[in-house]
Amino acid sequence: MTAIGIHDIELATAHHVVDLADLAEARGVDPAKFQKGLGQDEFSFPAPDEDVVTMGATAAHRLLERTGTEGVRTLMFATETGVDQSKSTAVYVHKLLDLPGEVRSFELKQACYSGTGALQAAIGIVARNPEERVLVISADVARYEMNSPGEPTQGAGAVAMLVAADPALVEIDPASGVYSEDVDDFWRPNDSTTAVVDGGLSITAYLKSVEKAWKDLEQHGGPSISDIKAFVYHQPFTKMARKAQAHLAQVTGAELNDGALDTGSVYNRRMGNSYTASLYSALTSLLHHEDDLTGKRVGLVSYGSGSVAEMLTGIVKADEDTRRRVRDKVLGMLDGRVRLSVPDYEGLHEKTMPSADDTDTPRVTGSPFRFAGIRGRARHYERV
Ligand code: CAA
């Protein structure tokens, strides 16, 4: 059977950053609650000329500069913060990246899960024709109401992955464990720019799904828990990965690698929740920061409220130097974000962009692509 998986991976985030120490002070909360209680230090916040399309295109552009576009006939964009009810984010990105017309481009949605659905669909396409490669982008802007418990867990980010036969980075194992259940733990109605969430229920639903997906993986020929060197999890806030790992350890009776919770959360602590991108930015962080990983098996735990979960495993192929080659660039990108004061953040949060009226956006982003505005009810993007 052809080995298929993630050939290369790249990350992008938004222009601005909010320091959670500043937010804690403004909200009259002990900063330790955010830093230790939630495991978050900062969150990324988009400029008015940024959205999931600009972040997704930026991550993909960086990736394709290394890999080229040969063999790419499919572009899937996973997001729960899409910009149009009909036209997919993938089509905008297809144009921004100047991809040939002979590419199928479309969007997938199921809360934070759909990046994993896209990865699996991509593996299916490559299994059918190993000459093809698939560009998978996951990107989201996580936004909750101001002064709500979810506020410190906001964030923004994008991950682009090239899925291919004989992958250089992570070979995904054929077996996976899946679980779906209709739960009203988190959703975003069409008339709302912020999510509706039952925080307590979302945590118990997540933990139940981890357990169910693990049991399904076991029943479908997955590896034994002792063969998995490190797990990465969807991280709505990084403490959630600790809760999930503690639950998995309890269910399996295994002692799991808690060090990987630190190496797998370096980026998410600083970007905040990036919904569909969060698991894959956690994987990127693990690959960039965990030493002894080459040739070892890792577990990926995906959860999307509503709810769908999947547990995948894969073997890390790349050596340490290859895994780390863009680590400094990612850290530089995070360091380079422009800090917002709390009043400036609140001003941007309150300002809802029109989705239909003609408008021009101010030039703010330092990314290679920007959302220029709306003309004749159509969104326009441009290279900077
Ligand atoms: N110092 C250190 N820790 C402190 C502290 C202090 N001074 N004060 C409180 N804490 C700790 C608490 O003990 C608690 O830790 P444990 O969970 O380990 O007990 C933690 O800080 C959080 O405090 P609260 O329990 O008071 O919870 P909260 O009111 O701040 O709300 C939340 C937390 C429910 C996660 C909220 O942030 C929220 O609604 N977030 C959005 C929903 C979410 O992320 N759900 C996760 C699962 S759903 C999912 O994964 C999909 C998705 O992406 C949204």
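Basis for what follows: all heavy atoms, side chains included, without hydrogens, waters or symmetry-related copies. By convention here, the first residue in the shown sequence is residue 1. These numbers come from a predicted model, not from an experiment. All ligand and atom numbering here is 1-based and tracks the order in the structure.
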Report task. Run the contact test for E151 against ligand 1 with a 4.0 Å cut-off on heavy atoms, strictly below, and give the result. Result -> no
Query raised in the report: Is K243 in contact with ligand 1, taking contact as a heavy-atom separation below 4.0 Å?
Result: yes
For [atom], which protein heavy atom lies nearest, and how many Å away is it?
atom	result
atom 7 (N) of ligand 1	D30 OD2, 2.9 Å
atom 12 (C) of ligand 1	G37 CA, 4.9 Å
atom 45 (N) of ligand 1	S202 OG, 2.8 Å
atom 26 (O) of ligand 1	K33 NZ, 3.4 Å
atom 36 (C) of ligand 1	P149 O, 3.5 Å
atom 40 (N) of ligand 1	G150 CA, 3.7 Å
atom 34 (C) of ligand 1	G199 CA, 3.6 Å
atom 35 (C) of ligand 1	F237 CE2, 3.3 Å

For [X] and [Y], does a side-chain donor sit closer than 3.5 Å to a side-chain acceptor?
X	Y	value
T116	Y280	yes
D173	T313	yes
E310	S176	yes
R337	S44	yes
T365	S367	yes
Q154	Y345	yes

**Report entry** Which of the ligand 1 atoms, numbered from 1, are nearer than 4.0 Å to a heavy atom of V197
**Finding:** 42 (C)
Report summary line: Taking only non-hydrogen atoms of K239 and a 4.0 Å limit, the atoms of ligand 1 in range are 15 (O), 16 (P), 18 (O)
Report task. Give a yes or no on whether the ring-centroid distance for Y267 and H288 is below 6.0 angstrom. Result -> yes
Query - Exceeds 12 heavy-atom contacts within 6.0 angstrom, atom CD of Q120 - result: yes
[X], any N or O under 3.5 Å of ligand 1 N or O:
X	result
H234	yes
Y206	no
L38	no
N273	yes
S305	no

Requested in this report: Check the pair V159, I9 against side chain to side chain contact (heavy atoms under 4.5 Å, CB included), reporting the backbone distance first and the verdict last.
Outcome: CA-CA 7 Å; V159 173; I9 195 163; 3.6 Å; yes
Query raised in the report: Side-chain contact, heavy-atom cut-off 4.5 Å: H16 with R339?
Result: no
Query raised in the report: atom 2 (C) of ligand 1: which of A32, S148, C112 has the nearest heavy atom?
Result: A32
Query raised in the report: Does the distance from a Lys or Arg side-chain N to an Asp or Glu carboxylate O, for D49 and R363, drop under 4.0 Å?
Result: no
